[in-house]
Every structure is written in structure tokens, then in C-alpha cells.
Amino acid sequence: LEYSIFYLQYNVHTEAVQAALAKYKERKMPMPSKRRSVLVHSSVETYTPPVMHLFCLTGVPVNSRVSSKIQQLLNTLKRPKRPPLKEFFVDDFEELLEVQQPDPNQPKPEGNQMSVLKGEPLGVVTNWPPSLLAALQRWGTTQPKSPCLTALDTTGKAIYTLTYGKLWSRSLKLAYTLLNKLTTRNEPLLKPGDRVALVFPNSDPVMFMVAFYGCLLAELIPVPIEVPLTRKDAGSQQIGFLLGSCGVTLALTTDACQKGLPKAQTGEVVTFKGWPRLIWFVIDGKHLAKPAKDWHPQVRDASAEIAYIEYKTSKEGSTVGITISHASMLAHCHALTQACGYSEAETLTNVLDFKRDAGLWHGVLTSVMNRMHVISIPYALMKVNPLSWIQKVCSYKGNLKSLYNWALTVAIRRPPELGGPPPGKAVLSMNCLSFGVIRVDTEEKLSILTVQDVGQIMPGANVCVVKVDGTPYLCKADEVGEICVNSGATGMAYFGLLGITKNVTVCVNISSVTGLLGFVGPDYLVFVVGKLDGLMTVSGRRHNADDVVATALAVEPMKFVYRGRIAVFSVTVLHDDRIVLVAEQRPDASEEDSFQWMSRVLQAIDSIHQVGVYCLALVPANTLPKAPLGGIHVSETKQRFLEGALHPCNVLMCPHTCVTNLPKPRQKQPDVGPASMIVGNLVAGKRIAQASGRDVTQLEDNDQARKFLYLADVLQWRAQTTPDHPLFLLLNSKGTVTSTASCIQLHKRAERVAVALMEKGRLNVGDHVALVYPPGVDLIATFYGCLYAGCIPITVRPPHPQNLATTLPTVKMIVEVSKSACILTTQVIMKLLKSKEAAAAVDIKTWPTILDTDDMPKKKLANIFRPTSPDMLAYLDFSVSTTGILAGVKMSHAATSALCRSIKLQCELYPSRQIAICLDPYCGLGFALWCLCSVYSGHQSILVPPLELESNVSLWLSAVSQYKVRVTFCSYSVMEMCTKGLGTQTDMLRVINLSCVRTCMVVAEERPRITLTQSFSKLFKDLGLSARAVSTTFGCRVNVAICLQGTAGPDPTTVYVDMRALRHDRVRLVERGSPHSLPLMESGKILPGVKVIIAHTETKGPLGDSHLGEIWVSSPHNATGYYTVYGEEALHADHFTARLSFGDTQTIWARTGYLGFLRRTELTDASGERHDALYVVGSLDETLELRGMRYHPIDIETSVIRAHKSIAECAVFTWTNLLVVVVELEGSEQEALDLVALVTNVVLEEHYLIVGVVVIVDPGVIPINSRGEKQRMHLRDGFLADQLDPIYVAYNM
């Protein structure tokens, strides 16, 4: 029996696996971290076998003699006249990816080419009915009492026997009812040739048989499908597609089945996902009408018209309908009758699904042809008692046989009394099979496959074996290929899919492809070694999913996973198939046990199949999608895996061992010297990448510039000339004004602060003062108070009362590093700094003098301090960079006024103007706009603290609308808050009008976030926001404002660059939509007085236009140096006083630490010159050096965030050469492990990098600073200190 054969094969395999694992133990090897097997691509042979003789060749025969001149002319016509244009993008991954060379020792087929094999001819039968319906009519009228079908219940008892008379009469009734009693709008619902769905449970073969023959008698085409159980059955959508494409409007079913279907609130059967609207018709007796006396069905001879449609599901899960004609059906019955030796009134036991494949062909069609009695054993009984069918065979004296496919039977094993040869057995080398070559091996070896033949070719059929890949040439005798059959019994076509039908049936002119892989052995026995659907081609070698499943199950499976609940499939990642194994874990198996089992499975598969498993996942019991007759629905499982909807409870990814086709690591070439670079650019006609803003000297009266050299002087002058002119207006979360300051009010408050510093603080000129205030007017007043007293102010963000442990140490560090002699603050913050909670975070005894400025005496300052030189220090600007480094820079009085002047000119700021600022006022351009610019230019600043947006998201936009502001500034975090928070509420914001906004600038120290700015523009377009208004600024530590869009000049431009070229430090401009393209937006216009050059990061030589290098800046408002406790002179000289190594070696530049490039555009700037655009690519300190290439974290993060809808945020960093990806999960924790494979896949596909560790965390874990920048180094420290409290950490092997 075939049953015992399979079982024997399984036991042999188990012993082989145990032996393989024992061998691992003997070697005492750890988990294989490196592949020991050599993976090769199948070689393209020089010898091309002749095409099958049955092909129809057209055109000139290849071997015929053609005039050499004509041949030459033909060859020139074939060649393109000119090389292809460079503008067209060619995806050149082939030259990038490692192509493995074929192993010269790999086995190759050596036998003779096989020929087409012919089965025995079909015998001639004299009284054979002309069609299947004729046979039914004959038996139904001449042998009405003869039993046709006996249905058993789940206990094995016979519940009903259908006789041929009953089958005939009930089929007639149904046919009559379908054609005459079903109407819509007085028109018959059905006409001959219409398709009808048959929806019957596996426990009711009787009703199915009546429905099937009833449809045939009514000349309708039955489409048998499975009973849908829920709205989301596995593969149900594809069945719906099949029904829709077949134009099915009616479904036949039983009363009991109809009651069990899910219902809508109206009581009708729900419309299943992807299904057409169906009318459900119950065919139980009471619903059928008796045929009229004058009505008789037409029982025609078998013709080429469609009899029924049988569905088939492909490897990808798509469902197609195979059309079977009446003639094919008859021929198939004839062939099966001859092959199986069926005789009239014989008993047949059917344990298969009677709705399709062999169960339908033998148990519903051939049985009726021969007036046989079928005993139908339900699947439910088989589950309870697998031996029940053997018992029934004995009790009913039934017989059994056959192998089937593509709506036909390929081969059948006959009993010896029917002339069949003895069964054959082959022991084959698995390694050779993976190359498609048959080599007999010995049973002692571990990696062997024992197969038994499936019998001889069907009578009346021709069979050949053709190559799987490429053109279907005939295989050699010792080569595995796809079995193809030519027979009158095959399916005609795929319903409605002409292209696929042609491809399948015409490519091998004689035949229908079966989807079975095999070869023909001795005695013309057919051997099957696998199915095309289960074929996985990894690095040129073919592996069969069923074989991998058998190996996995042989590793002590019963303890940890369920037998039969395991799926193996391949997914394409980085241009090769990768094997994925998914199994259901037993509830009592611990995580440690499961991991042990998983690692043993990896070892076993590596040892026996010499292939690595890319991903091994365990899911909770009963969660994998089921196929209609039990088993796993593999294509649906694969779909869920790729969509991140599998929800595993354990995952083991092995990309390091499996992915062997990564590009070679980049070898750094010796750099071209700076002189050669300049000469090269000159030769190529490229200019040196240098650009500058407008010339300040030509723009402004120098006397006024000299008058406004010191900001303290400016404030005094404004207090005298325009005392009541309002400068500042602070809003709270309700949008009401909480405090204002006119020129005179600010001047008087600054005087009081200066008096307090001198009298209470006893400070001297030049002492440093830390200003710890919330965003507001107090911060501005104390800043000018310090200038009045000759002290150096440092603005510091106050600690967060609910988060002192992390925010207070930063305050302490800035106070200490800046050597502050005094802290000015409010009473509330003063109490907080001295509280018990603060003592737990820092040493509160070491604070310098703390003064609160809430109640200061109204005293006039005797004399206001005036600096002796403009180069004297005005203030210190402290900021924590994204790499976690605290850096303070020194700003002189000259630089401060130059900065204000540049911004004034760029934004056209005058006393009559109003601008709205929603920024943190503690460092960089945010501080300058909040505290300095209004005093210098005299415009009114509407101050909106970003913190207030947490309780009222629309605050900033409402203020812009209310005050009709033309120029406004914000940060990325503010923009993101508005986009996310107001995205669904745009209807409620109708009162807001943003048409007044000319320019809205995002203050940033990073590459512009195009996606966010575009989303913002699109979202608020309906509120009048111009698409041209939104732009970004760029600044850094050495110069806080390099670029700023301003009100004049061309719109910011966007270019697309090749992301792969960027990794090699090159700029390659491509078209929008090209593969690997990355959009980069210009970071605003270069400010007046600012010069920018692009320099080589290592040689410090100047670079050409559109070359990637470090952005260097020269400007009157550059900072004058770092301010640190340790005098790092070398760092200062390198960053602030750099000179080019070639060319203009006199100019002093400051190095920004950012990579970017300059590109001359076709646009014209305000001065009439061609506009030079600056594109910022990213911070040098943040780049990741991996595989010899330079990666920008944001690019990898963007790919990862796209991988799954539940990924809210992502950050990457490196740890001991491993790439660590941290993702925030915004969803249920059961989705956490889904992300591991998706993250690994997307980074491999788009960046050619293997992820070492995937960390899944809760939302909000990735630290983000006030500018909205990710603090990746803080995150890395938290990961290394095990402080992230992750949901899951996956270490990829």
C-alpha cells in the first residue's frame, strides 16, 4: 500500500536526520555561522539539445545556406545604429551583486536525450455510451434500483444510499427548476452555457452529485468550490476572483449548509471578500419543481463544449479555472476504466475530496460511466480513525489506485493481474537532485531521497519530460524535468486566461504541463520527485519544499510542533530565493526548548540539503491558515509572512549564513590629489563648487551698520526713538496674549536685571551667567540685562519637573562647562533646582549663586557697559548635537550683529512687519530669532512656545492666521505635530486662513525632510497655504544660519540622486522615479555675506559642481570657536580656521561637518546671476561606515518605516560592526515579531546590508530633541546599558 511506503520513507529520513545531528554533536560545533556548502548557479551549457520534433518551426531554417552578404546585412540590421542614450536609467544590480560561479565539479546530465513515451492504445468498447449523460440516462432508466453512492457519517455508519434511479430523477428535477423556475424581472435567470457555483460540504456527496449532474443536464457549467466558513477564509478572495471572472451569479447548496453560512443583519448570506454578489439556491427536494410532462433534457453526444470548470491554485495563491470538455471527460473515464480494470457494478471506496481531482474523476464521473457503487468516506472520519478507509475497503470489497494532476491522470500503478510491472524503488542523491541530475546512491548515506514509482503512463496518452527553466527542450534520460502529457482527456484551457493557456499548452506543442517534477525509469515507470509549486531555486540549486518539511519533522518534532502543521516556501530577497519555514508551536513548549529545536532544524537542513534557511518562525497553535481539506494553505501563509500578518511567537533569521550574493565590500581607492581634482574639473568644463549670498557692503549704509554694532546700543536707541513700539507678544495655549514688551519696557526690565546682577550677584564684567527660563519675555529681558552689565549670557532649557532624572543633569553640565558664576531663573524653577528630587539626580550643593528675577527693585542703572571691541564675546550658544555631544560656541558682538543683519536683509524685516516664531529659544537660529532679531530690525515677534502645542495643536497656525503673518518660523517637531494632530480636523479649521503666508521656514540642522514638508503643504493647501511657501533653513554649530529662504529669490529646487552612488561619496543625478532615487531639496538660499565651498573630506581640496564633499563656510557671523572646559586647540583650528590645501589658500573657512554639494541651476537669483543651490545630504559624524561604504541613517530608516504600517518610528546605529535597527511598534504586541523579517528584507533589498539586531520597542522610546532630531547615540547608550525595556530583540544569525 502507498500509505505504508510513505511511512517507511519517513522513518528512513528520520534516522538520516538523527545521524546528521549526531555528527554535528561529535564535531562539537556551534550553530553554523558560515555556510559550508558551495552554492552554485546552474551552468549554461554550450551544447543545446535539439528542440522536440513536434515544434512548428517558422522562418528560415538555421542550417540552410544563406548568401553571406544577406547574412551580413541581417546582422547589421540587428545591431542598434547608435549606443543607447545615457539619460535612460539601466538598473545595474547585476554588476553590483556577487554572481556565484558554477562549481566545475557539479554533476551534469550525461544520458541520451529521451523520446516521447506512448501509453498503450485505448481499447475499443462496443457498447460504450456516447456521453457521460447518456450513461446516466441508461442506468437511471434501466437499473434504477442499482446503488450509486453510499454516504457515511463521522462514525462510519452508512446514512444514505443514492440509487441510479434517484440520481437520474433528482438531477432532472433540478435541471428543470434551474431553467424554468428561476427568473429575474420575468426573464430566466440562467441560460445554457452559464456558470453555476456548487457549494457543498465534504460530508454531503449525495447532494453534490445531484447538483453536478443536474447542471450538466441543464447545459449549465458547474464550478465546484469549497464552503466558505468566515469572511476571511484563506484563499477565499482568489475563489471570489474566479467566480467573478466566470460570471457566476448563482450558487447551489444544501439547506443545512446555507444555515451554517455567515449572515448579514438582513438574514441574507454575507458577500464574502472579493466575491461577486450571488443568489443562493437550496436544492433540497422541497425546493425543486416536478418537470412538465412535455419537458425532456437534451442528452447529446460528447462534444468539445465545456462540461465543468475545476479550480487550481498556483504557487503564488492565484486561483484559475481549468475548463474540461464533454469529450475530455468521456476520454478520461475511458482511460481510467481501462487502466484500473473497472467493471460494471463494481464497488469503489473514495477517501478523496469528491469535488475535485481524483476524487471527482473516479468517484463521480468514471463510477457513473461503469454503474459502480461508490462508498464515500468523509475527511472527518479519516481524522478520527485513519484506518477507517482500510476497514471499509474490506467490508465493501472496494478497490483503490492512482496519481493525478492538471485535470488529468498522468500515470497509474496497476495490480499485477492487469499486466502491471512490479513496483520500482529509487534511492537518489539529494545533492545531485538539487542540480536536476539523477544519480543512484546507497541507503547508508544521510542525504538521499527514496522514491517509489507512480505507475505506468495512462492508456491513450503520450508523456515526455522537459526542462524546467527556459525553453522546454526534452530532458536527457538522467535529468529531472517537468512531466508533460498529451491526451484526449486533458483540460482544454484556463477559463478566460488566453495568455496563460497559450503559454502552458503551446510551449510544448503536444502537451499540457502537469506541474510535476520527475523522470521516467526502467520499465517505463514514471517517478515523481516533487511539484513545481514546491520548487525553491536557491543560488542555482533546486530544493523541494516537501523534502525540507520531512527533514524538519524528523528533528524530535512531536515535542515542540504539530505534525502536518508546517509550511515551507521561498521568498525573493535580493534577487534570489530564500527559504522560509513556518510551524505551529505546541502551547506547552517553552521558548528555550523551541529555540533549541529551531537551531537543530537549521543544522539538519544545512547538513542534509546543503542549503541555509533564511527565516524560521513558530506561530501559536491553530493560527496558520488552513487549506479546505485540512493541511496548511501555503500561499496564504506566504502572503501573511510578506504582509507582516503572521504574528509568530518565535523567530530565527539567518541572513548572515544565507545571503551570499551581496556586492563585494568597497575597496577605498587612493584619493586623487586636490591639484589633479581642479585640473580634472577644468578639463571637463566644470566650475569649482563655490557660491555666495548677496554682498552686504553694497546693500546697506555702513554708518547704520556701525551704529548697530552692539545690540545693547540698538535697544537703548529704540527705547529713546520709538519707546512704545511693540517688539514681543507671547501667546499661551488658549491663544491669549500673556505678556508683551515694547522697546522701553524691555530696556527698563534689562536695566533692573543688570542692577540685580551687580548688587545681588556681585558679578564682574566678563562673568558668565546661565539663564534658566521657560520660553518667554523674561528670557529676552535677562539676556539684555546681562549685556547691560557686561556679563556673558548662556540660555539653558529648564529641567522638566516630571523628568528630572534625565533633564537636570544636562542643565548641570551646561552650567559647569560654561563656568557660569550665577544662575538667573524664576522662583518656581529655583525651588525645583534645590528640591529633594533634584538632589537625587545631581549634587545640588555645587550650584553657583541662584537669583530669581520675579520681584526686582525698580532701580536705574548708573552706566550701561559698552564693549571695547566688537570682537569681544557677546554670548555662548550651547547645544547637544544628534551624536550626543554637548558643544558650546562663542559668538562675538560683531558676529551677533552680522547675523541679525543677514536675516533682516534676507527676510526683509522692518519695524512695520510681524513674524510668528514657534521654536525653542535656547540655541542656534531659534535663539537668534527669538531674542536678537526683533531688537535689531524693530519688527514685532509673535512668540508661540512649542510646548503649548501639546494642549492646543492649532495654536501656531491660528496665530499666523489671526495676525496675518507673512513670515513664520517653526521646527520639524512642530510641523509633524500639526500634520499628525490636525490631519483629520481640517474641517474644524475653516476659520484659519493661511493665504497671508509668503514664507514658512523650518529651522533645521539636517537634510530637509521632503516627505514631511510636502505632507504639510498638501494638508493645509485648502486653508490657503501656498505650495511655494514652505521651505527649510540650514545652520550648524560653526554658523547657525547659512541658508534661509527669505522672501525674495527663486523657489527651492529639488533634485533626484542615486542613493547607491551617495554611498560611494558620489553624486549621480537621475530622473524622478528611477530605481534607488533619492529626492533632495535645496536648504533655502545662502544668506547675504555668506560664502560656501565644497571641500574634499580628506584632502581638503576644492571640488567641482555637483560633487559630494564637506560644506565649508566663510561669513562675518561665523562663531569664533568652541567653548569647552578643556582647551581643544587642535579641534578649534580644524573646525573654525580651516584653509583649502590648493587653490584659494588664503581665505579662512569654518568646517560645518555636513556633507553636501552645490549645483548651478537655470534659475536667476535676486541679483540677476544664475542661482547656485546648496543641497545638504547629512552630518558626517552620523554616517555609518559599513562594507567600505558610507550610509546615512535617515535613508535606512525611511526604508524601514515603509516596511509595515505599525512601524511608528525607527532609528539605526552600529554596534561592533553590526547594524542595529530599533523600531517603535504602534500596534498590538503580537505584531512585534512580524517586523523582524520585514525589516531584514527591506534593508537587504534597498541597501545591500544585513541587519545584525532588530529591537522592537514601545512608541516614544527613541529620544528626539527639541528640533525634532533623533538622538541616535543616546539610544545606542540605552541599548548597550539594557535600558530600553524592549518588546523583543532579535539577533540575526
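Quick caveat, the model's predicted, so the values are computed rather than measured.
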Q) Between Lys531 and Glu482, is there a side-chain N and carboxylate O pair less than 4.0 Å apart? A) no
Q) Rounded to the nearest 0.5 Å, how far does CD of Gln237 lie from CD of Glu636? A) 8.5 Å
Q. Going through the distances and angles, do Leu117 and Val520 end up as a side-chain contact (heavy atoms from CB on, under 4.5 Å)?
A. CA-CA 9 Å; Leu117 302 177; Val520 178; 3.2 Å; yes
Q: Say whether, by atom type as modelled, one donor and one acceptor occur between the side chain of Glu584 and the main chain of Tyr562 under 3.5 angstrom.
A: no
Q: Decide if atom CZ of Phe595 counts as having more than 12 heavy atoms of other residues, nucleotides or ligands within a radius under 6.0 Å.
A: yes
**Q.** Point-to-point distance, once rounded to the nearest 0.5 Å, from CG of Leu428 to CD1 of Ile438
**A.** 7.0 Å
Q. Is the backbone N or O of Phe569 less than 3.5 Å from a side-chain atom of Lys638, with the two atoms forming a donor-acceptor pair by type?
A. no
Q. If you round to the nearest 0.5 Å, how far is CZ of Arg356 from CH2 of Trp361?
A. 9.5 Å
Q. Taking atom types as modelled and ignoring hydrogens, do the side chains of Asn661 and Ser539 form a donor-acceptor contact shorter than 3.5 angstrom?
A. no
Q. Is there a donor-acceptor pair closer than 3.5 Å between any side-chain N or O of Thr1240 and the backbone N or O of Val1236?
A. yes
Q.
Could you check whether any side-chain N or O of Gln596 sits under 3.5 Å from a backbone N or O of Asp593, counting only pairs where one atom can act as donor and the other as acceptor?
A. no
Q. Is it true that a side-chain atom of Arg541 and a backbone atom of His609 form a donor plus acceptor pair closer than 3.5 Å?
A. yes
**Q.** Between OG on residue Ser376 and CG on residue Asp353, distance to nearest 0.5 Å
**A.** 9.5 Å
**Q.** Validation row: Glu110, Arg439 side chains within 4.5 angstrom (heavy atoms)
**A.** yes
Q. Would Gln585 and Ser594 count as a side chain to side chain donor-acceptor pair (under 3.5 Å) if you check the C-alpha gap in whole Å, the side-chain angles of each, and the deciding distance to 0.1 Å?
A. CA-CA 8 Å; Gln585 180 179 321; Ser594 299; 3.3 Å; yes
Q: Would you check if Met430 and Ile448 make a side-chain contact, meaning some heavy-atom pair closer than 4.5 Å?
A: no
Q.
Against the six-membered ring of Phe435, is Arg542 placed for a cation-pi contact (under 6.0 Å from the centre, within 45° of the normal)?
A. no
Q) Do Gln603 and Val555 come close enough that some side-chain heavy atom pair is under 4.5 Å? A) no
Q) If you measure from CG on Leu517 to CG on Asp533, what distance do you get to the nearest 0.5 Å? A) 9.5 Å
**Q.** Check against side chain to side chain donor-acceptor pair (under 3.5 Å), Tyr524 and Asp453
**A.** CA-CA 10 Å; Tyr524 299 117; Asp453 72 281; over 6 Å; no
Q: For the residue pair Glu226 and Asn202, establish whether any side-chain heavy-atom pair is separated by less than 4.5 Å.
A: yes
Q. Which heavy atom of Val437 sits nearest a heavy atom of Pro107, and at what distance?
A. CG2-O, 3.7 Å
(Q) So if I apply the side chain to side chain contact (heavy atoms under 4.5 Å, CB included) rule between Leu581 and each of Thr551, Leu618, Val601, which one comes out positive? (A) Val601
Q) Would you say the side chain of Phe354 lies within less than 4.5 Å of the side chain of Leu360, judging by non-hydrogen atoms? A) no
**Q.** Chi angles and distances behind the side-chain contact (heavy atoms from CB on, under 4.5 Å) call for Asn350, Ile377
**A.** CA-CA 6 Å; Asn350 185 16; Ile377 298 172; over 6 Å; no
(Q) Restricting to non-hydrogen atoms, name the atom on Lys108 and the atom on Asp478 that form the minimum distance, rounded to 0.1 Å. (A) O-OD2, 4.5 Å
Q. After noting the C-alpha distance and the side-chain angles of Leu652 and Met1293, does the key distance pass the side-chain contact (heavy atoms from CB on, under 4.5 Å) rule?
A. CA-CA 8 Å; Leu652 198 53; Met1293 293 170 62; 3.6 Å; yes
Q. Does Asp1234 reach the side chain of Pro648, with side-chain heavy atoms less than 4.5 Å apart?
A. yes
Q. For the side chain of Ser607 and the backbone of Ala604, is there at least one donor-acceptor N/O pair under 3.5 Å apart?
A. no
Q | Where Pro625 and Arg640 come nearest, the two heavy atoms and their spacing | A | CD-NH1, 3.6 Å
**Q.** Any donor-acceptor N/O pair, Ser429 side chain to Cys432 backbone, under 3.5 Å
**A.** yes
(Q) On a heavy-atom basis, which atom in Val568 and which in Val634 lie closest, and how many Å separate them? (A) O-CG1, 4.0 Å
Q | Minimum heavy-atom distance between Glu1245 and Val573, given as atom pair plus value | A | OE2-CA, 3.2 Å
Q. If every non-hydrogen atom of Pro224 is compared with every non-hydrogen atom of Ile309, which pair is closest and at what distance?
A. CD-O, 3.2 Å
Q. How far apart are the C-alpha atoms of Arg578 and Val613, what are their side-chain angles, what is the distance that settles it, and do they pass the side-chain contact (heavy atoms from CB on, under 4.5 Å) test?
A. CA-CA 7 Å; Arg578 314 287 175 194; Val613 175; over 6 Å; no
Q: Check the side chains of Asn1241 and Tyr614 for a donor-acceptor pair under 3.5 angstrom, ignoring hydrogens and angles.
A: yes
Q: May I ask you to test the Val463-Ile483 pair for a side-chain heavy-atom distance under 4.5 Å?
A: yes
Q: Give, for atom CD of Gln639 and atom CG of Leu646, the distance between the pair rounded to the nearest 0.5 Å.
A: 11.5 Å
**Q.** Side-chain heavy atoms of Glu310 within contact of Lys355, under 4.5 Å
**A.** no
